[in-house]
Protein chains: 2
Amino acid sequence: MDTLEQGRCENCIIRQLNSLKALSKSELKAISDSKTTKSIKKGDTIFTEGENLNGVFCVRNGVTKLSKLSANGKDQIVKLAKKGEVLGQRSVIANQKTNLAAIALKDMEVCFIPKHKLNESINNNIEFTKEILLKMTDELKFANDMIMDLSQKTVKQRVAQILLYLNNSFDKDDEGFIGLYLTRNDISDIVGTAKEACIRTLTELKNEGFIFTQGKRIKILKPKSLLHFINGI
Amino acid sequence: MDTLEQGRCENCIIRQLNSLKALSKSELKAISDSKTTKSIKKGDTIFTEGENLNGVFCVRNGVTKLSKLSANGKDQIVKLAKKGEVLGQRSVIANQKTNLAAIALKDMEVCFIPKHKLNESINNNIEFTKEILLKMTDELKFANDMIMDLSQKTVKQRVAQILLYLNNSFDKDDEGFIGLYLTRNDISDIVGTAKEACIRTLTELKNEGFIFTQGKRIKILKPKSLLHFINGI
DNA sequence: CGACCGCTTGAAACCAATCAAAAAATGTGG
DNA sequence: CCACATTTTTTGATTGGTTTCAAGCGGTCG
């Protein structure tokens, strides 16, 4: 993990995307002075499960998966985080070891903000704390929905749902494919299913004309019908 | 839902169990004056999914399930809440409709605290806000674990896990059974499985000497071996 | 190595029927 | 009219059988 000198938080547009937008000029200055910017290569680990974090990571660029290893050795991806997301927030606030691992899916640039700076703002700026709280409620709702989907939907519906989510969350590449190229393994780790089942489902969806695939690249052809299918219509 | 006159928040021991413990004397007084206490019978609905809440419910007594209805008509129980839990917090803070329904599993007593009182304290008392934030991180972690379990564990392991959870969370009755009598339907709604599979699993666990059942009542005989089994040993 | 395919096996959903227990309604004597 | 026993109804638990779904494994291909 490379550490390089970077711009000032005050000028960083990324912060508009997250709770940091609630910070004052002076708070931003203070954070800017103590932060370090790291560049992370695809496949690199930002932190592992059970680690003690001394701060949070603000994603400036790239994508990471947040996953949890199960007893039987299979990963479950709980969330994908891209530009604007803050990693490790839960652990730092709760003052607990991380319950998730973060591994880059694309080359990334992240800013590390030390714990004490974060806590300082949490303790003094109620707007900031409220923003984090709001963010947390979002994540909780997302998790609740995921619980529902895992227990009630078929693998095919879940795969379709993930594809649609990826389609809405990541820019398309030049040829209209979803701009995040995931391995089948990663997809199955999100869906919570065996790799083969996931692959089969993808080819099914392809044969049915919902999607088009080319290696790792996936293009959604009929988002609306896909949505109907997901909801069982 | 009956409304009856009740004691003062200042004297209520329940608040030691939740974020309300961070409130000052005067804040508690203000909340006490605007709160109403309701008594709710087993099976009654506290709120439904998609409702707009004007406040939160602090559980003084009893147990409720928080569930979500899926497209195919099956409920998924996301959480059980007992004494000390605050219901509707997420929706009120995020200013959104509820994403869960709350139905009493036992006779309950809850205090309704209006939204504006809650927001007042959130806006003025940073310790309070931090407490709520902490609570939220807990719930998020719990939800993440649930996601893992649902996708990676067998029905039998999940059933065992729920039983152990119930065993640890609810007092025993006079004869040593878990003090919360759930129908098989409710258990399967927690586990995220069909009723029959759940029943079969229970009889299996019974035959294997892990548990003893008598109607709705369940007694855990070997918590340790059960734990080993859950973790796949 | 990652993507893909075929095949087998096991697990869990789904369906239908029976059985048991609890709750509601009814009836009877005091 | 009430206390209490009795019947009826409803609800939930259980079991058997069938079908569907997805996991697991082996193997091919680019």
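Throughout, protein chains are lettered first and strands after them, A, B, ... in sequence-line order, and every chain is numbered starting at 1.
A donor-acceptor contact under 3.5 Å links the side chain of A:E196 to the base of D:dC25.
The distance between atom CD of B:Q152 and atom P of D:dA23, rounded to the nearest whole Å, is 10 Å. Remark: P of C:dA3 and CD of A:E204 are 18 Å apart, rounded to the nearest angstrom. In this structure, CG of A:N185 is placed 13 Å from P of C:dC4, rounded to the nearest angstrom. Atom pair B:Y181:OH and D:dA13:C1' shows a separation of 17 Å (rounding to whole Å applied). Atom CZ in A:R217 sits roughly 19 Å away from atom P in C:dG2 (whole-Å rounding). Separating the CD1 atom of A:I199 from the P atom of D:dT28 is a distance of 17 Å, rounded to the nearest angstrom. Going from atom NZ of A:K206 over to atom P of C:dC4 covers 7 Å, rounded to whole Å. Between the NZ atom of A:K74 and the C1' atom of D:dA23 there is a distance of 11 Å, given to the nearest Å.
The side chain of B:T183 approaches D:dA13 more closely than any other nucleotide in the set D:dA13, C:dA13, C:dC7. Taking every side-chain heavy atom of A:V155 into account, D:dA22 is the closest of C:dC4, C:dA13, D:dA22. In the set D:dG12, C:dG6, D:dT15, D:dT15 carries the atom at the smallest distance from any side-chain atom of B:R200.
Residue B:T203 places none of its side-chain N or O atoms closer than 4.0 Å to OP1 or OP2 of D:dT14. Between A:R184 and C:dC4, a side-chain N or O to OP1/OP2 separation shorter than 4.0 Å is present. For C:dA13, one of the phosphate oxygens OP1 or OP2 lies less than 4.0 angstrom from a side-chain nitrogen or oxygen of B:T193.
The aromatic rings of A:Y165 and A:F142 lie tilted to each other, with the angle between the two planes from 30° to 60°.
Annotation: of the two residues near DNA chain C, A:L182 and B:K195, the 5′-most nearest-nucleotide partner is A:L182.
Note that A:K219 lies in the cation-pi zone of A:F177, set by a 6.0 Å cut-off to the ring centre and a 45° limit from the axis.
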- side-chain hydrogen bond (donor to acceptor under 3.5 Å, both in side chains) evaluation trace for A:T201 with A:E204: CA-CA 5 Å; A:T201 306; A:E204 262 181 60; 5.2 Å; no
- Message: Using the rule given for salt bridge (charged side-chain N to carboxylate O under 4.0 Å, His left out), can you reason through B:K68 versus A:D145, listing the C-alpha separation, both sets of side-chain angles and the distance that settles it, and then say yes or no?
- Response: CA-CA 9 Å; B:K68 211 166 149 55; A:D145 285 344; 3.2 Å; yes
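Side-chain contact, B:D149 with B:Q161: a donor N or O sits under 3.5 Å from an acceptor N or O.
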